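See structure below.
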There are 2 protein chains.
Amino acid sequence: MDEMRIGDLASRAQVSTRALRYYEEQGILHSERTPSGQRVYSESAVDRVRLIQHLFSAGLASRTIALILPCVDTGHASPEMLVSLHTERDRITTVIADLQEAQRRLDQVIELTEHSTPEQCARVRDAAGRTSALAGAGAPA
Amino acid sequence: MDEMRIGDLASRAQVSTRALRYYEEQGILHSERTPSGQRVYSESAVDRVRLIQHLFSAGLASRTIALILPCVDTGHASPEMLVSLHTERDRITTVIADLQEAQRRLDQVIELTEHSTPEQCARVRDAAGRTSALAGAGAPA
DNA sequence: CCTCACGTTGACGTCAAGGGCAAGTTCTGC
DNA sequence: GCAGAACTTGCCCTTGACGTCAACGTGAGG
(Lines give C-alpha, C1' and ligand atoms only; values in the text may rest on other atoms or scores of the structure.)
Protein backbone atom coordinates (compact mmCIF):
# COMPACT_ATOMS: atom_id res chain seq x y z
CA MET A 1 0.00 0.00 0.00
CA ASP A 2 2.87 2.32 -0.76
CA GLU A 3 1.12 3.86 -3.73
CA MET A 4 -1.93 5.83 -2.92
CA ARG A 5 -4.09 8.34 -4.64
CA ILE A 6 -5.33 11.65 -3.44
CA GLY A 7 -8.39 10.37 -1.68
CA ASP A 8 -6.41 7.88 0.36
CA LEU A 9 -3.85 10.47 1.33
CA ALA A 10 -6.60 12.90 2.25
CA SER A 11 -8.25 10.49 4.61
CA ARG A 12 -4.96 9.26 6.07
CA ALA A 13 -3.72 12.79 6.72
CA GLN A 14 -7.10 14.18 7.70
CA VAL A 15 -7.27 16.91 5.10
CA SER A 16 -9.49 17.59 2.14
CA THR A 17 -8.43 16.66 -1.36
CA ARG A 18 -8.90 20.29 -2.17
CA ALA A 19 -6.25 21.16 0.37
CA LEU A 20 -3.84 18.66 -1.12
CA ARG A 21 -4.29 20.11 -4.60
CA TYR A 22 -3.86 23.53 -3.13
CA TYR A 23 -0.62 22.47 -1.48
CA GLU A 24 0.63 21.20 -4.80
CA GLU A 25 -0.45 24.42 -6.47
CA GLN A 26 1.58 26.28 -3.87
CA GLY A 27 4.57 24.07 -4.47
CA ILE A 28 4.74 22.58 -1.02
CA LEU A 29 3.60 19.08 -1.88
CA HIS A 30 4.62 17.15 -4.94
CA SER A 31 3.10 14.13 -6.59
CA GLU A 32 3.86 11.60 -9.22
CA ARG A 33 1.29 11.14 -11.88
CA THR A 34 -0.12 8.11 -13.61
CA PRO A 35 -0.04 8.23 -17.42
CA SER A 36 -3.60 9.45 -17.27
CA GLY A 37 -2.69 12.28 -14.94
CA GLN A 38 -3.93 11.06 -11.60
CA ARG A 39 -1.85 11.94 -8.60
CA VAL A 40 0.06 9.17 -6.90
CA TYR A 41 1.64 9.56 -3.49
CA SER A 42 3.98 7.39 -1.51
CA GLU A 43 3.61 6.54 2.14
CA SER A 44 5.93 9.33 3.19
CA ALA A 45 3.48 11.89 1.87
CA VAL A 46 1.34 11.31 4.94
CA ASP A 47 4.01 12.62 7.25
CA ARG A 48 4.75 15.35 4.80
CA VAL A 49 1.19 16.56 4.89
CA ARG A 50 1.11 16.35 8.65
CA LEU A 51 4.21 18.49 8.81
CA ILE A 52 2.65 20.99 6.46
CA GLN A 53 -0.45 21.09 8.60
CA HIS A 54 1.63 21.74 11.67
CA LEU A 55 3.41 24.58 10.01
CA PHE A 56 0.14 26.04 8.78
CA SER A 57 -1.45 25.82 12.15
CA ALA A 58 1.63 27.50 13.56
CA GLY A 59 0.71 30.43 11.39
CA LEU A 60 3.31 30.06 8.66
CA ALA A 61 2.21 31.14 5.21
CA SER A 62 2.38 28.74 2.33
CA ARG A 63 5.17 30.71 0.72
CA THR A 64 7.20 30.52 3.88
CA ILE A 65 6.60 26.83 4.04
CA ALA A 66 7.65 26.51 0.44
CA LEU A 67 10.77 28.33 1.47
CA ILE A 68 11.74 26.20 4.40
CA LEU A 69 10.65 22.75 3.32
CA PRO A 70 13.60 22.25 0.98
CA CYS A 71 15.86 23.32 3.83
CA VAL A 72 14.25 20.82 6.13
CA ASP A 73 14.82 18.18 3.50
CA THR A 74 18.33 18.97 2.43
CA GLY A 75 19.50 20.34 5.73
CA HIS A 76 21.06 23.44 4.28
CA ALA A 77 20.00 26.87 3.06
CA SER A 78 21.40 29.82 1.21
CA PRO A 79 22.42 32.88 3.25
CA GLU A 80 19.32 34.82 2.16
CA MET A 81 17.21 31.92 3.26
CA LEU A 82 18.95 31.93 6.58
CA VAL A 83 17.86 35.51 6.99
CA SER A 84 14.27 34.53 6.27
CA LEU A 85 14.55 31.67 8.68
CA HIS A 86 15.75 33.95 11.43
CA THR A 87 13.08 36.49 10.61
CA GLU A 88 10.45 33.82 10.80
CA ARG A 89 11.89 32.51 14.03
CA ASP A 90 11.67 35.95 15.56
CA ARG A 91 8.14 36.43 14.34
CA ILE A 92 7.13 33.17 15.95
CA THR A 93 8.77 34.21 19.18
CA THR A 94 6.71 37.37 19.41
CA VAL A 95 3.53 35.55 18.43
CA ILE A 96 4.16 33.06 21.18
CA ALA A 97 4.64 35.91 23.60
CA ASP A 98 1.37 37.48 22.52
CA LEU A 99 -0.39 34.18 22.86
CA GLN A 100 0.96 33.67 26.33
CA GLU A 101 -0.10 37.17 27.24
CA ALA A 102 -3.56 36.49 25.94
CA GLN A 103 -3.63 33.26 27.83
CA ARG A 104 -2.64 34.99 31.01
CA ARG A 105 -5.55 37.33 30.54
CA LEU A 106 -7.90 34.49 29.87
CA ASP A 107 -6.63 32.76 32.95
CA GLN A 108 -7.25 35.83 35.02
CA VAL A 109 -10.81 36.01 33.84
CA ILE A 110 -11.33 32.31 34.28
CA GLU A 111 -9.83 32.42 37.71
CA LEU A 112 -11.97 35.34 38.71
CA THR A 113 -15.20 34.06 37.29
CA GLU A 114 -14.78 30.46 38.17
CA HIS A 115 -14.63 31.38 41.80
CA SER A 116 -16.96 34.29 41.86
CA THR A 117 -19.91 33.95 39.52
CA PRO A 118 -22.98 35.53 41.04
CA GLU A 119 -24.47 32.07 41.44
CA GLN A 120 -21.50 30.77 43.28
CA CYS A 121 -21.16 33.86 45.39
CA ALA A 122 -24.75 33.50 46.38
CA ARG A 123 -24.27 29.83 47.00
CA VAL A 124 -21.24 30.46 49.12
CA ARG A 125 -23.10 33.08 51.08
CA ASP A 126 -26.30 31.12 51.50
CA ALA A 127 -24.68 27.83 52.36
CA ALA A 128 -21.68 29.01 54.27
CA GLY A 129 -21.43 26.04 56.52
CA ARG A 130 -22.57 23.12 54.41
CA THR A 131 -20.40 20.42 52.86
CA SER A 132 -18.71 22.03 49.91
CA ALA A 133 -19.74 25.33 48.49
CA LEU A 134 -18.39 24.42 45.08
CA ALA A 135 -19.94 20.97 44.83
CA GLY A 136 -22.83 21.85 42.56
CA ALA A 137 -20.82 23.47 39.80
CA GLY A 138 -21.63 20.74 37.26
CA ALA A 139 -22.73 20.96 33.63
CA PRO A 140 -25.28 23.73 33.08
CA ALA A 141 -27.77 23.70 30.21
CA MET B 1 -7.29 66.03 27.02
CA ASP B 2 -9.60 63.34 28.24
CA GLU B 3 -11.91 63.69 25.27
CA MET B 4 -10.44 62.71 21.97
CA ARG B 5 -11.72 61.94 18.56
CA ILE B 6 -10.97 59.04 16.32
CA GLY B 7 -7.87 60.52 14.74
CA ASP B 8 -6.27 61.20 18.10
CA LEU B 9 -7.03 57.74 19.36
CA ALA B 10 -5.73 56.26 16.14
CA SER B 11 -2.40 57.98 16.45
CA ARG B 12 -2.10 57.31 20.15
CA ALA B 13 -2.88 53.65 19.80
CA GLN B 14 -1.01 53.20 16.54
CA VAL B 15 -3.88 51.93 14.48
CA SER B 16 -5.79 53.27 11.53
CA THR B 17 -9.11 55.02 11.96
CA ARG B 18 -10.49 52.42 9.67
CA ALA B 19 -9.51 49.76 12.17
CA LEU B 20 -11.19 51.66 14.98
CA ARG B 21 -14.42 51.91 13.05
CA TYR B 22 -14.10 48.24 12.27
CA TYR B 23 -13.69 47.42 15.95
CA GLU B 24 -16.81 49.39 16.72
CA GLU B 25 -18.65 47.62 13.94
CA GLN B 26 -17.61 44.33 15.53
CA GLY B 27 -18.79 45.46 18.91
CA ILE B 28 -15.42 45.35 20.62
CA LEU B 29 -14.90 49.07 20.98
CA HIS B 30 -17.54 51.57 21.92
CA SER B 31 -17.69 55.31 21.56
CA GLU B 32 -19.70 58.26 22.68
CA ARG B 33 -20.94 60.57 19.99
CA THR B 34 -21.16 64.31 19.70
CA PRO B 35 -24.60 65.67 18.74
CA SER B 36 -23.34 65.80 15.19
CA GLY B 37 -22.33 62.17 15.27
CA GLN B 38 -18.59 62.28 15.62
CA ARG B 39 -16.98 59.66 17.78
CA VAL B 40 -15.55 60.70 21.11
CA TYR B 41 -13.28 58.51 23.18
CA SER B 42 -11.93 58.78 26.67
CA GLU B 43 -8.35 58.27 27.70
CA SER B 44 -9.00 54.69 28.69
CA ALA B 45 -9.80 53.82 25.10
CA VAL B 46 -6.09 53.86 24.33
CA ASP B 47 -5.42 50.94 26.62
CA ARG B 48 -8.53 49.29 25.37
CA VAL B 49 -7.32 49.42 21.80
CA ARG B 50 -3.91 48.18 22.79
CA LEU B 51 -5.50 45.25 24.54
CA ILE B 52 -7.58 44.52 21.48
CA GLN B 53 -4.48 44.64 19.33
CA HIS B 54 -2.74 42.21 21.60
CA LEU B 55 -5.60 39.81 21.44
CA PHE B 56 -5.76 40.12 17.69
CA SER B 57 -2.10 39.51 17.28
CA ALA B 58 -2.45 36.51 19.50
CA GLY B 59 -4.74 35.11 16.88
CA LEU B 60 -8.09 35.63 18.57
CA ALA B 61 -10.97 36.40 16.26
CA SER B 62 -13.04 39.52 16.74
CA ARG B 63 -16.04 37.50 17.81
CA THR B 64 -13.99 35.79 20.45
CA ILE B 65 -12.72 39.11 21.62
CA ALA B 66 -16.25 40.45 21.71
CA LEU B 67 -17.04 37.47 23.86
CA ILE B 68 -14.31 37.85 26.41
CA LEU B 69 -13.97 41.61 26.71
CA PRO B 70 -17.09 41.99 28.83
CA CYS B 71 -15.73 39.27 31.08
CA VAL B 72 -12.45 41.08 31.38
CA ASP B 73 -14.38 44.19 32.33
CA THR B 74 -16.89 42.80 34.72
CA GLY B 75 -14.76 40.00 36.06
CA HIS B 76 -17.42 37.39 35.68
CA ALA B 77 -18.94 35.25 32.98
CA SER B 78 -21.91 33.03 32.42
CA PRO B 79 -21.29 29.29 32.53
CA GLU B 80 -21.49 29.02 28.74
CA MET B 81 -18.96 31.78 28.46
CA LEU B 82 -16.68 29.96 30.82
CA VAL B 83 -16.84 27.01 28.47
CA SER B 84 -15.85 29.26 25.60
CA LEU B 85 -13.05 30.71 27.64
CA HIS B 86 -11.71 27.29 28.43
CA THR B 87 -12.07 26.23 24.82
CA GLU B 88 -10.16 29.26 23.72
CA ARG B 89 -7.53 28.67 26.32
CA ASP B 90 -7.06 25.15 25.07
CA ARG B 91 -6.88 26.33 21.50
CA ILE B 92 -4.17 28.78 22.42
CA THR B 93 -2.28 26.06 24.21
CA THR B 94 -2.20 23.87 21.14
CA VAL B 95 -1.32 26.79 18.90
CA ILE B 96 1.59 27.61 21.17
CA ALA B 97 2.66 24.00 21.02
CA ASP B 98 2.51 24.08 17.24
CA LEU B 99 4.50 27.27 17.18
CA GLN B 100 7.14 25.84 19.42
CA GLU B 101 7.28 22.74 17.31
CA ALA B 102 7.69 24.85 14.20
CA GLN B 103 10.33 26.86 15.94
CA ARG B 104 12.21 23.73 16.91
CA ARG B 105 12.20 22.71 13.27
CA LEU B 106 13.40 26.09 12.20
CA ASP B 107 16.11 25.94 14.79
CA GLN B 108 17.21 22.58 13.55
CA VAL B 109 17.51 23.89 10.03
CA ILE B 110 19.23 27.04 11.18
CA GLU B 111 21.61 25.08 13.31
CA LEU B 112 22.41 22.70 10.52
CA THR B 113 22.82 25.27 7.82
CA GLU B 114 24.51 27.94 9.82
CA HIS B 115 27.35 25.57 10.47
CA SER B 116 27.37 23.56 7.32
CA THR B 117 26.37 25.43 4.17
CA PRO B 118 28.26 24.04 1.21
CA GLU B 119 30.10 27.33 0.91
CA GLN B 120 31.18 27.29 4.49
CA CYS B 121 32.11 23.65 4.42
CA ALA B 122 34.21 24.27 1.36
CA ARG B 123 35.67 27.36 2.92
CA VAL B 124 36.47 25.55 6.09
CA ARG B 125 38.09 22.80 4.12
CA ASP B 126 40.02 25.04 1.72
CA ALA B 127 41.22 27.55 4.25
CA ALA B 128 41.67 25.34 7.25
CA GLY B 129 44.44 27.31 8.81
CA ARG B 130 43.77 30.89 7.82
CA THR B 131 42.40 33.71 10.03
CA SER B 132 38.67 33.11 10.24
CA ALA B 133 36.82 30.69 8.06
CA LEU B 134 33.58 32.60 8.49
CA ALA B 135 34.89 36.05 7.72
CA GLY B 136 33.72 36.38 4.12
CA ALA B 137 30.14 35.27 4.61
CA GLY B 138 28.70 38.62 3.53
CA ALA B 139 25.85 39.53 1.21
CA PRO B 140 25.78 37.40 -1.93
CA ALA B 141 24.12 38.59 -5.16
C1' DC C 1 -21.16 -2.17 -21.93
C1' DC C 2 -22.84 0.39 -18.01
C1' DT C 3 -22.35 2.23 -13.73
C1' DC C 4 -20.50 4.75 -10.24
C1' DA C 5 -17.08 6.22 -7.29
C1' DC C 6 -13.10 8.69 -7.78
C1' DG C 7 -10.05 11.69 -10.34
C1' DT C 8 -8.94 16.05 -13.21
C1' DT C 9 -8.81 21.33 -14.08
C1' DG C 10 -11.02 25.80 -13.83
C1' DA C 11 -13.53 29.23 -11.91
C1' DC C 12 -16.04 31.39 -8.52
C1' DG C 13 -17.49 31.90 -3.32
C1' DT C 14 -16.23 32.74 1.56
C1' DC C 15 -14.44 34.78 5.76
C1' DA C 16 -11.62 38.10 8.46
C1' DA C 17 -9.35 42.27 9.10
C1' DG C 18 -8.94 45.85 7.42
C1' DG C 19 -7.43 49.37 2.93
C1' DG C 20 -9.08 52.81 0.00
C1' DC C 21 -12.19 55.69 -2.38
C1' DA C 22 -16.32 58.59 -2.80
C1' DA C 23 -19.56 61.94 -1.47
C1' DG C 24 -21.16 64.45 1.89
C1' DT C 25 -20.83 66.89 6.91
C1' DT C 26 -18.38 69.23 10.62
C1' DC C 27 -14.80 71.50 13.05
C1' DT C 28 -10.88 74.71 13.25
C1' DG C 29 -7.98 78.60 12.17
C1' DC C 30 -7.34 82.82 10.12
C1' DG D 1 -17.06 83.27 6.28
C1' DC D 2 -14.29 80.33 3.97
C1' DA D 3 -10.52 77.06 3.12
C1' DG D 4 -9.01 72.85 4.40
C1' DA D 5 -8.39 69.29 7.67
C1' DA D 6 -10.87 65.80 10.00
C1' DC D 7 -15.06 63.35 10.40
C1' DT D 8 -19.24 60.49 8.70
C1' DT D 9 -21.37 56.32 6.16
C1' DG D 10 -21.29 53.19 2.29
C1' DC D 11 -19.27 50.34 -0.76
C1' DC D 12 -16.00 47.60 -3.21
C1' DC D 13 -11.01 45.63 -3.14
C1' DT D 14 -7.38 42.57 -1.17
C1' DT D 15 -5.01 38.32 0.70
C1' DG D 16 -4.86 33.31 2.18
C1' DA D 17 -6.55 28.91 2.66
C1' DC D 18 -9.37 26.62 1.32
C1' DG D 19 -15.06 25.20 -0.05
C1' DT D 20 -17.90 24.28 -3.79
C1' DC D 21 -19.77 23.60 -8.20
C1' DA D 22 -19.29 22.48 -13.07
C1' DA D 23 -17.95 19.67 -16.72
C1' DC D 24 -15.39 16.20 -17.90
C1' DG D 25 -11.83 11.85 -17.84
C1' DT D 26 -10.73 7.18 -15.58
C1' DG D 27 -10.83 2.63 -13.74
C1' DA D 28 -12.69 -1.50 -11.37
C1' DG D 29 -16.95 -4.45 -10.80
C1' DG D 30 -21.03 -6.79 -12.45
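The structure displayed is predicted, hence computed values, not measured ones. Each chain gets a letter, A, B and so on, in the order the sequences are listed, and its residues count up from 1.
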Go through A:Y41 and A:L29 one step at a time and tell me if the side chain to side chain contact (heavy atoms under 4.5 Å, CB included) criterion holds. CA-CA 10 Å; A:Y41 302 94; A:L29 179 67; 4.1 Å; yes
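A straight line from CD of B:E32 to P of D:dC7 spans 17 Å, rounded to a whole angstrom. As rounded to whole Å, 17 Å separates atom C1' of D:dG27 from atom CZ of A:R39. Atom CD in B:Q38 sits roughly 12 Å away from atom P in D:dA6 (whole-Å rounding). In this entry the distance linking CG of A:D8 with P of C:dC6 reads 10 Å, nearest Å. One atom, CD1 of B:I28, and another, P of C:dA17, lie 8 Å apart when rounded to the nearest Å. Rounded to whole Å, atom P of C:dA17 lies 10 Å from atom CG of B:L60. With rounding to whole Å, B:E24 atom CD is found 15 Å from D:dG10 atom C1'. Taking atom CD on B:E3 and atom P on C:dT28, their separation rounds to 12 Å, with Å as the unit.
Between B:R48 and B:L69, some side-chain heavy-atom pair lies under the 4.5 Å cut-off.
With C:dC27, D:dT8, D:dG19 as the choices, the nucleotide that has an atom nearest any side-chain atom of A:S16 turns out to be D:dG19. Comparing atom distances between the B:I6 side chain and each of C:dG18, C:dT8, D:dT8 picks out D:dT8 as nearest. With D:dC18, C:dG18, C:dC27 as the choices, the nucleotide that has an atom nearest any side-chain atom of B:Y22 turns out to be C:dG18. Between C:dT26, C:dA16, D:dC18, one nucleotide has an atom nearer to the side chain of B:S36 than all others, and that is C:dT26.
Checking the phosphate oxygens (OP1, OP2) of D:dA17, no side-chain nitrogen or oxygen of A:Y23 falls inside 4.0 Å. Contact between the side-chain N/O atoms of A:R18 and the OP1/OP2 oxygens of C:dT14 is not found at any separation under 4.0 Å.
In terms of position along DNA chain C, the nucleotide closest to B:T17 lies nearer the 5' end than the nucleotide closest to the other residue of the pair B:R5 and B:T17. Map B:T34 and B:S62 each onto its nearest nucleotide of DNA chain C; the residue landing nearer the 5' end is B:S62.
Counting distance only, with no hydrogens placed and no angle test, the side-chain atoms of A:R21 and the base atoms of C:dT9 include no donor-acceptor pair under 3.5 Å.
Atom CD of A:E32 sits in a sparse spot, with 12 or fewer heavy atoms from other residues, nucleotides or ligands closer than 6.0 Å.
Within the 3.5 Å criterion, the main-chain N or O of A:T87 finds no donor-acceptor partner in the side chain of A:D90. Checking side-chain atoms of A:Q103 against main-chain N and O of B:R89 turns up a donor-acceptor pair under 3.5 Å.
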